[in-house]
Number of protein chains: 2
Amino acid sequence: MTQGKNMTAHTHQTAPTQFVEAKGIRFAYRRFGKAGGAPLVFNQHFTGTMDHWDPAVTDGLAKDREVVLFNNAGISNSSGDVPTTIDGMGANAVAFIKAVGLPKVDVLGFSIGGFVAQEIALQAPDMVRKLVLVGTGPRGGQGMATLTPEAQQIFGATYDPPDEIWLFVHFTPSEASQTAGREFLKRFRLRAKSRDPQVNEKVAPAQIEALTRWGAPQEKPFDYLKAITQPTLLVNGGKDVIIYPVNSFILQQNLPNAQLILYPDSAHGSQYQYPKLFVEHVSTFLDR
Amino acid sequence: MTQGKNMTAHTHQTAPTQFVEAKGIRFAYRRFGKAGGAPLVFNQHFTGTMDHWDPAVTDGLAKDREVVLFNNAGISNSSGDVPTTIDGMGANAVAFIKAVGLPKVDVLGFSIGGFVAQEIALQAPDMVRKLVLVGTGPRGGQGMATLTPEAQQIFGATYDPPDEIWLFVHFTPSEASQTAGREFLKRFRLRAKSRDPQVNEKVAPAQIEALTRWGAPQEKPFDYLKAITQPTLLVNGGKDVIIYPVNSFILQQNLPNAQLILYPDSAHGSQYQYPKLFVEHVSTFLDR
């Protein structure tokens, strides 16, 4: 199903939404960038769609590799239901990747998408070359049994326009971070045509059920990480209040082959505050 | 006293040892690389001399900037006594940098040299543009009140040849890390002429007194870090047993403007295990 070299003509803004079926689910996806090596498959955060990725990041990474965005089951224009376990989301993601016909991929996951990325590596280890885990944490991590108090406050408030919520989720209150946040919002709004529909009202409750199960205290919670042997790059903002950055440190300490980068004065979306630096760090990591 | 553009002809292996006087101390130093911007001043680890730096790192960084190595007071061919406080070592380092005639520098510190680098930034904030803190920690950090049990064992053993101690200080027991360690030792031994004399028997006790004072538990130990406002890059190995990597995490969380990088399967000398990657990360940080 690979469409070959003509894909390089597309960008984040122009890549058409395509569909593929697996496990009775019709998955929406987009692919663009330089075909050839292992494509980089993106797994999105809480309530996000393909349009919630930053084109500075996706197009930046697409210069040297193929980028695959998708909506997992039950999200936006993908059919099916959102599973209430991360395990289920991982199984759906694996089915999607196979259905697109990608035998070996790099996997990037952000926030809950980082949990899913870990599940993909556990369920289909031979399919995954390298992992990039952004703003995420391990099973049973610190402050992960429920949404953090800060996350409850941020996601519980209303914003006008609504997408300004991301100024509070992804950025710190500092002037520098908020300025970067405004720039992110401009980029985020750029794709004019064929945007994904917003997620329906069943998505958030199902995702919260899944992530609180994942984050619940458990016996020897980090032992499972020994099985994720792929080279892994961990990235987070040093002041993330959605998933505390200590969880990235815990991942580094327990994964067999993980590099950690924490950025200064930045929060959950540190990769959107420093998109150029993030693209450079990820490219260096993936190309080594 | 800047010697200008002809310095670029020298490398780690050929740079002559020069001397400069300040505070009644005759400091030994070497400088090489590309003159022009802020030179990068290196502060060495426990019992080390200028010859304990890895030429892959110093020459790698010297491609785009001037590198300044020196022996602080009482170390090897520098006169004077090793102070029993980090504060005193910092004051000597500041005096040295001024005496060489460098108004603005970047400062790299490794291990106890990282404590000294923090003191330089606190005592002479206007002199320091950026900081690179490698394998180090804050005042009152975790496991820093004495040498760690692992450090006591490693530094208490004997090695034949003696410089094989660095295979145990700087590298993990893994095959990959030990292989990198053997490569490091080859590079470390390359400088054939004009090596520094080994430190005398007064150095280790004075340095241990200083570092245990620095590491002793104290009230609100990390408050002082708010005063270090320079952009800072923190680097450590994820399995450092000399200064536990959680101390780099604590530095990141408490410094106003710090980026953290932890490397996989690596110990105190992670920058010598991944010299090319380290040079790339440090160059990106210093050039931004």
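First the proteins, then the strands, lettered A, B, ... as listed; each starts at 1.
Taking the six-membered ring where the residue is Trp, the centroids of F188(A) and H170(A) are separated by 6.0 Å or more. In this structure, W166(A) has its ring center at least 6.0 angstrom away from the ring center of F184(A).
Interface residue Y274(A): only side-chain heavy atoms are found under 4.5 Å from chain B. Both the backbone and the side chain of P245(B) come within contact range of chain A, judged by heavy atoms closer than 4.5 Å. In this structure, chain A has a heavy atom under 4.5 Å from the side chain of F249(B), while its backbone stays farther away.
Every residue two or more places apart in sequence or in another chain that forms a side chain to side chain donor-acceptor pair (under 3.5 Å) with K186(B) is listed here: E183(B).
Partner H268(B) forms a side chain to side chain contact (heavy atoms under 4.5 Å, CB included) with one of V241(B), T172(B), V169(B) and no other, that one being V169(B).
Ranking I261(A), L255(A), T232(A) against chain B, the residue ahead of the rest is I261(A), based on heavy-atom pairs under 4.5 Å. For the set S248(B), P264(B), P256(B), S266(B), the count of heavy-atom pairs under 4.5 angstrom toward chain A peaks at P264(B). Chosen from L277(A), D265(A), N257(A), V235(A), the residue pairing most often with chain B at heavy-atom distances under 4.5 Å is L277(A).
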- request: Please step through side chain to side chain contact (heavy atoms under 4.5 Å, CB included) for the pair F285(A) and K130(A), ending with a clear verdict.
  value: CA-CA 9 Å; F285(A) 168 74; K130(A) 294 189 181 185; 4.0 Å; yes
